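This report refers to the structure that appears directly beneath it.
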Amino acid sequence: MSEMGPVQMRSPVLNVRRVEAYHSITIVAPGIADRFRPGQFIAVAVGGEQSSMLLRRPFAIHDVKPDYGGTVEFLFQARGPGTAWLAERRSRDLVDVVGPLGRPFPLPRDPVNCTLVGGGSGAAPLFPLAQALRRRGCRVDFVFGADSSDHLFGIITARRAAATVTCTTEDGTFGEHGRVTDVFERVLHETSADAVYACGPMPMLREVSASAARHALPVQVSVEESMACGTGMCMSCVIPVVGEDGITRMVRSCVDGPVFRGEQVRFDDAGTIPFDALGAPGWKSPDEETGYGGSTREAG
Amino acid sequence: MSEMGPVQMRSPVLNVRRVEAYHSITIVAPGIADRFRPGQFIAVAVGGEQSSMLLRRPFAIHDVKPDYGGTVEFLFQARGPGTAWLAERRSRDLVDVVGPLGRPFPLPRDPVNCTLVGGGSGAAPLFPLAQALRRRGCRVDFVFGADSSDHLFGIITARRAAATVTCTTEDGTFGEHGRVTDVFERVLHETSADAVYACGPMPMLREVSASAARHALPVQVSVEESMACGTGMCMSCVIPVVGEDGITRMVRSCVDGPVFRGEQVRFDDAGTIPFDALGAPGWKSPDEETGYGGSTREAG
Amino acid sequence: MSTDLRTRLGRLELANPIMTAAGCAGTGRELARFVDVAQLGAVVTKSVTLEPRAGHPAPRMAETPSGMLSVTGMQGPGIDVLLERDVPWLRSQGSRAAVSIGGGSAAEYAELARRISGASGVSMIEVNLSFPNPTGRGQDFADDPEEAARVVHGVRSHARSDIPVFAKLAPDVRNVVELARACVDARADGFSLVNTVRGMVIDPGKLRPAVSGGGGVSGPAIRPLAVACVYNVHAALPRVPIIGMGGVRTGSDVVEFLAAGASAVAVGTVNFADPSACARILRELTEALDEHGVSSPASLVGAAHRSARVDAEQ
Amino acid sequence: MSTDLRTRLGRLELANPIMTAAGCAGTGRELARFVDVAQLGAVVTKSVTLEPRAGHPAPRMAETPSGMLSVTGMQGPGIDVLLERDVPWLRSQGSRAAVSIGGGSAAEYAELARRISGASGVSMIEVNLSFPNPTGRGQDFADDPEEAARVVHGVRSHARSDIPVFAKLAPDVRNVVELARACVDARADGFSLVNTVRGMVIDPGKLRPAVSGGGGVSGPAIRPLAVACVYNVHAALPRVPIIGMGGVRTGSDVVEFLAAGASAVAVGTVNFADPSACARILRELTEALDEHGVSSPASLVGAAHRSARVDAEQ
Ligand SMILES: Cc1cc2nc3c(=O)[nH]c(=O)nc-3n(C[C@H](O)[C@H](O)[C@H](O)COP(=O)(O)OP(=O)(O)OC[C@H]3O[C@@H](n4cnc5c(N)ncnc54)[C@H](O)[C@@H]3O)c2cc1C
Ligand SMILES: Cc1cc2nc3c(=O)[nH]c(=O)nc-3n(C[C@H](O)[C@H](O)[C@H](O)COP(=O)(O)OP(=O)(O)OC[C@H]3O[C@@H](n4cnc5c(N)ncnc54)[C@H](O)[C@@H]3O)c2cc1C
Ligand SMILES: Cc1cc2nc3c(=O)[nH]c(=O)nc-3n(C[C@H](O)[C@H](O)[C@H](O)COP(=O)(O)O)c2cc1C
Ligand SMILES: Cc1cc2nc3c(=O)[nH]c(=O)nc-3n(C[C@H](O)[C@H](O)[C@H](O)COP(=O)(O)O)c2cc1C
Ligand code: FES
Ligand code: FES
């Protein structure tokens with residue numbers, strides 16, 4: 001039970017509010033607020049004790065405040081039954097939460113120019129990152145993209161924290177018509193970016209990483225792989241990542257990530273086991289499987 | 001979809017209150033209130049849509065009122081997870097409820113003297129029964145028994161509705177020290193009872209039925225057999241009951257009961273298939289079973 | 001889009017793909033208080049035996065996480081009462097009646113088929129093979145492909161040729177595909193997949209089985225087991241129609257079973273939880289078909305196999 | 001009452017009957033952030049193979065009602081890294097390490113046992129028989145009693161005699177008792193019951209399997225299946241120790257498994273849902289023993305069989 005590891009607690013809900021197309025929940029969670037570093041996430045149990053939904057839902061931490069000993073805010077879209085249940089919480093309800101989890105965004109030593117790129121709800125963790133960067137004297141520029149204007153949030157806060165804020169929407173209802181990747185390189189030039197941080201869907205992260213690489217800029221991406229535990233125990237959240245030694249490994253995005261160096265993530269091979277990954281079939285010992293009579297089960 | 005059959009509805013909770021050791025919930029359920037006859041019950045879904053608890057919980061209807069088009073009150077003890085969840089409901093929450101279910105207490109044609117015997121929460125359905133009996137000009141006498149004083153409820157209401165109210169507690173904290181069956185025959189004599197109604201645990205019903213039989217009094221009992229559906233579809237709530245033709249059948253307490261004529265219920269054989277029951281093994285075709293390698297499943 | 005819910009199960013045409021599962025809708029009358037039974041694809045009656053049966057002593061059920069454990073021990077009135085009383089009632093309501101049968105020997109199953117064929121009004125025979133086999137080396141007929149085939153063959157031989165015979169299998173067998181092949185070789189016209197899975201609940205207070213001897217687990221808890229069976233049997237025998245069941249609760253569960261390879265589905269345990277479920281599921285299915293932009297359930301049958309093939313080719 | 005939680009599994013003594021299930025506590029380090037691993041009966045490591053394995057491509061899991069479907073494809077570092085890195089770490093924490101093994105042939109299993117016996121610090125070998133058997137007629141080793149026995153026999157022969165060998169079986173086999181007997185004849189010292197149950201989830205939007213090829217269902221949903229297996233194997237082989245698992249979530253679930261015949265239990269999927277579950281369950285178990293007025297878990301082992309016998313005699 002390491003000193004600064006994650007904690008599990010039953011946290012009272014302080015408030016729930018709508019933020020455009022999202023719901024924002026703030027909980028009182030001093031232990032989590034204390035330990036938090038930007039880029040980390042929490043895993044929230046949904047549905048109550050007798051719930052049929054066993055797995056925790058992961059959410060990026062959007063904000064922490066010192067009030068009540070420490071509060072944590074996260075922001076989410078009601079998609080399936082778990083987020084629908086969360087959206088119905090009221091203040092004083094208790095939620096069972098584990099955090100902070102995952103590898104945070106590494107911060108530059110020097111006061112450099114940082115471009116932060118967020119797609120949809122992926123913008124959430126970039127706000128505390130921006131604060132931390134500014135405390136180090138960095139210049140921050142935001143690029144936000146979403147399907148439509150109601151999927152953008154925090155623009156006013158962003159404008160206070162950043163030198164520039166550039167928005168795109170796919171339907172053109174706010175900012176520029178198009179995708180973040182359409183404007184990203186222009187922003188890099190205009191802001192003389194030294195470093196890039198990105199959070200959002202995989203295709204966006206792939207393109208942002210590729211652009212940054214073309215400009216020889218370091219890029220940190222936060223991936224959103226489907227997770228069962230969030231704590232590194234289940235091995236369900238793996239993506240292929242190239243290590244310092246040049247070897248590709250299937251690494252857990254919950255504990256080895258969710259933040260990775262962009263050039264290390266093999267985006268094109270996500271959802272596969274690349275043939276050259278450590279322990280891939282054929283890599284050393286072939287993974288023989290018979291097709292006999294049906295489905296395979298977890299056997300490992 | 002018969003005119004006066006049960007209905008299923010999402011009913012708003014009007015209020016939740018503590019009544020001694022019990023919780024009382026009143027819901028707005030006009031369709032159920034309209035159709036209700038004393039002795040009937042409702043089956044309530046627990047835990048919400050994503051609940052792991054699939055089965056409805058059955059509760060006797062304790063009161064119906066014309067307010068808001070029709071309200072229904074039931075009273076329960078928080079025992080397991082389903083009743084614990086119900087105890088946490090607040091007004092305006094919605095509960096999914098089916099009712100009224102089951103065979104009601106038959107009412108006497110003439111204004112006779114009726115003794116109503118309730119054990120624990122089994123007293124709940126006797127209050128609306130008392131009202132109906134009084135409307136027919138019957139004299140009503142109550143006998144209530146419970147473990148301790150906090151498991152008795154509605155004594156004041158009962159005193160208004162009945163000629164006499166006799167209480168027993170097993171720990172002697174209220175009324176007479178002992179069980180209802182200790183005072184029951186005395187009450188029968190004192191009140192010149194013509195008919196008996198009883199609701200409570202099986203051993204109590206057995207003794208009450210036996211006493212009534214000794215006094216040649218008609219007795220209606222409401223049994224509490226564990227139920228999965230409450231609507232007659234699953235065949236899980238059976239007890240052995242002797243029919244008019246003298247043949248014992250395994251009948252469903254949810255649709256053929258919960259109210260039965262006391263002398264027809266084979267209390268001593270509850271939890272068994274009596275050898276002479278229709279279709280019992282040996283009755284006609286033997287129910288052969290092999291002991292091969294393990295448990296049997298539902299195969300019928 | 002106008003949706004055409006008509007569903008073919010081999011030669012049999014149903015108004016829609018929503019049926020009730022055997023033993024989970026009473027005689028049909030109990031369900032009829034909540035759902036218009038004429039609007040269902042078919043009502044499958046509880047497995048019936050030659051003679052009346054009193055069944056298993058209470059308690060017969062226990063709740064399990066997202067499911068239930070039950071054993072009714074085939075309580076029922078016997079085939080003659082069923083054919084004289086319950087089937088005609090279902091027909092009088094305009095409902096399609098399917099009769100599930102069970103017995104202690106292949107001969108008993110065959111005799112049941114013969115009696116059903118002598119009466120009128122039965123649209124399908126479902127052969128419940130999860131019945132204890134007093135002589136076989138498996139515990140149930142379904143535990144041994146040869147024994148299962150013998151039963152199915154007997155039923156098919158004695159049933160009227162226009163009444164389709166569906167074999168009902170459970171997932172907890174060594175290899176459901178092997179079993180399915182044996183049944184098809186014995187001329188089964190289709191499959192009902194799946195029956196309950198053997199399980200037990202022990203009362204942690206009383207330290208004894210909540211249902212003596214254990215029972216069958218049903219409900220959403222077993223849905224993934226059922227979907228796997230449907231998927232695997234459809235992969236092996238793509239032309240044999242399947243009625244999928246096991247924890248169907250919503251329209252999107254129906255889509256899951258269709259995509260796995262079922263042509264119709266049956267609603268079981270969820271009728272206990274939500275007596276009007278069948279009507280709701282039918283509405284939800286219609287909406288789901290709309291969202292997928294298809295006009296009939298048949299368009300989705302086996303869809304998950306097609307997408308898996310496309311993936312494999314890429 | 002002062003409770004003595006010490007638990008015997010054959011010759012092995014554990015501090016208490018709460019273990020972790022293979023593949024459900026990482027290497028132990030991940031769990032250790034929430035639970036003091038030294039306070040557990042034992043930590044069972046994820047099934048390891050001879051060579052490193054990259055496993056199954058993502059997505060690897062899907063939620064199911066009261067459970068989950070998963071397939072990791074045995075991702076792991078290989079036996080040598082496990083013995084050099086993970087087992088010593090567990091020992092350094094004061095924790096008992098049990099190693100689960102898996103392979104593509106009886107020879108591979110035997111070699112794993114040999115290497116484990118050459119190292120130090122391993123308290124038990126768990127033989128995961130739910131591994132695809134490339135040559136057998138069953139899909140997994142566990143699907144065929146003979147193949148399973150061959151594997152167990154090889155492991156027992158190559159393992160150091162003081163390391164107990166437990167055979168891990170799944171419930172979805174024709175007859176788990178038959179399989180268990182075969183393993184005991186091959187000198188298994190005990191059983192781990194149960195592994196996951198084959199299942200599939202199809203994404204109703206994408207119309208394709210959520211986890212390609214399906215996977216194993218675990219969690220409370222399968223608890224009744226697991227309890228039935230433990231009950232039946234204990235009834236047939238009352239002297240063989242059993243580690244019960246499958247959806248253990250609370251202290252009262254532990255009581256259920258003990259009463260069914262398990263001597264210890266393992267917590268699996270629930271660690272994902274509630275990372276401090278093991279510590280909570282241990283507390284709850286102590287309370288439950290108190291309520292039953294017994295001072296040790298051993299007093300409850302098989303209790304449901306005793307009460308069933310009393311019933312039968314009455
Ligand atoms: C590190 C991380 C941070 C995230 N941060 C946010 C955030 O700040 N705001 C936000 O709106 N969403 C965020 N997500 C996605 C969010 O976790 C899912 O939207 C949510 O789990 C969906 O749950 P559900 O019950 O509504 O949906 P369902 O589809 O019913 O969920 C079923 C299962 O799939 C998993 N799942 C479904 N969608 C996703 C997804 N996109 N990513 C991971 N798991 C998924 C669920 O956790 C659950 O186990 C994040 C995901 C990750 C991995
Ligand atoms: C016709 C009828 C009327 C009833 N009326 C009342 C009433 O007015 N007030 C009251 O307090 N209780 C009443 N009960 C008992 C009540 O239904 C149970 O206390 C309740 O179902 C327990 O649910 P749980 O989730 O708290 O308990 P759990 O033990 O977790 O329930 C698990 C399962 O067992 C069933 N079950 C458990 N105990 C009983 C029981 N005693 N009877 C039937 N099923 C049970 C539950 O319905 C559920 O399916 C009545 C029962 C019946 C059959
Ligand atoms: C993600 C995951 C990984 C697993 N890995 C293994 C494994 O490597 N070896 C093994 O024998 N069982 C493995 N299992 C099965 C568990 O050890 C356990 O037997 C099963 O999940 C039932 O217990 P539960 O319901 O408590 O999880 C795994 C289960 C899960 C969910
Ligand atoms: C109480 C109950 C009774 C059942 N009776 C029968 C039966 O008589 N014949 C049969 O083949 N299946 C029977 N089944 C199994 C169901 O028809 C169905 O195959 C199984 O429950 C899975 O579907 P479900 O999860 O939707 O219930 C019964 C199931 C339950 C729960
Ligand atoms: S989500 Fe379980 S290891 Fe990452
Ligand atoms: S509870 Fe289902 S038939 Fe009575």
Side-chain angles (χ1 to χ4, degrees), chain A residues 1-2 5-8 43 45 51-56 80-82 96 98 225-240 248-250 252-253 255 269-274 277-281 283-300, chain D residues 23-26 30-34 36 46-47 49-61 63 65-68 70-76 78 102 104 128 130-134 138-140 170 195-200 213-216 218-220 269 271-276:
Chain A
M1 280 180 276
S2 110
V7 295
Q8 178 177 3
S51 173
S52 67
M53 298 179 284
L54 218 58
L55 304 178
R56 283 173 188 266
D96 181 335
V98 174
E225 187 56 58
S226 159
M227 292 178 182
C229 71
T231 53
M233 303 192 217
C234 76
M235 309 291 287
S236 70
C237 59
V238 294
I239 55 171
T248 296
R249 291 181 180 77
M250 300 307 296
R252 292 164 298 182
S253 49
V255 283
D269 298 319
T272 74
I273 303 290
L278 180 75
W283 178 82
K284 210 160 176 180
S285 69
D287 174 7
E288 285 165 300
E289 281 195 90
T290 59
Y292 185 76
S295 59
T296 56
R297 90 183 84 192
E298 166 55 25
Chain D
C24 299
E30 294 80 2
L31 186 68
R33 300 193 297 171
F34 300 96
D36 180 356
K46 182 161 183 60
S47 294
T49 47
L50 280 176
E51 302 294 337
R53 276 175 77 118
H56 194 271
R60 289 178 168 185
M61 71 89 190
E63 198 172 45
S66 295
M68 70 182 278
S70 68
V71 57
T72 56
M74 280 79 71
Q75 178 171 353
N128 177 356
S130 301
F131 249 68
N133 177 359
Q139 154 172 313
D140 292 341
N195 214 318
T196 58
V197 188
R198 282 175 271 239
M200 180 178 271
S218 61
T269 304
N271 289 318
F272 309 155
D274 181 6
S276 53

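Given the structure is predicted, the values throughout are model-derived calculations rather than measurements. Naming convention: chains lettered A, B, ... in sequence-line order (proteins, then strands); numbering from 1 in each chain.
Summarising the geometry, atom CG belonging to Asp274(D) is positioned 6.0 Å from atom CG belonging to Asp96(A); distances are rounded to the nearest 0.5 Å. Separation of atoms SG (Cys234(A)) and CE (Met68(D)) is listed at 5.5 Å; rounding is to 0.5 Å.
Across every non-hydrogen atom of Arg60(D) and Met235(A), the tightest pair is NH1-O, 2.7 Å. Across every non-hydrogen atom of Ser226(A) and Met61(D), the tightest pair is OG-CE, 3.4 Å. Across every non-hydrogen atom of Gln75(D) and Val238(A), the tightest pair is OE1-CG1, 3.5 Å. The heavy-atom pair separating Pro6(A) from Arg33(D) by the smallest distance is CD-NH1, 3.4 Å. The two atoms that bring Ala54(D) and Met250(A) nearest to each other are O-CG, 3.6 Å, heavy atoms only. Taking all atoms of both residues into account, the shortest heavy-atom contact from Gly271(A) to Pro57(D) is O-CB, 3.3 Å.
In this structure the side chain of Pro275(D) reaches within 4.5 angstrom of the side chain of Met233(A), judged on heavy atoms. Using a 4.5 Å heavy-atom cutoff, the side chains of Leu54(A) and Pro220(D) are in contact.
Between the Gln8(A) side chain and the Ser276(D) main chain, a donor and an acceptor come within less than 3.5 Å of each other.
Contact annotation for Val98(A): only side-chain heavy atoms (C-beta onward) come within less than 4.5 Å of a heavy atom of chain D. For Arg249(A), no part sits under 4.5 Å from any heavy atom of chain D, backbone or side chain.
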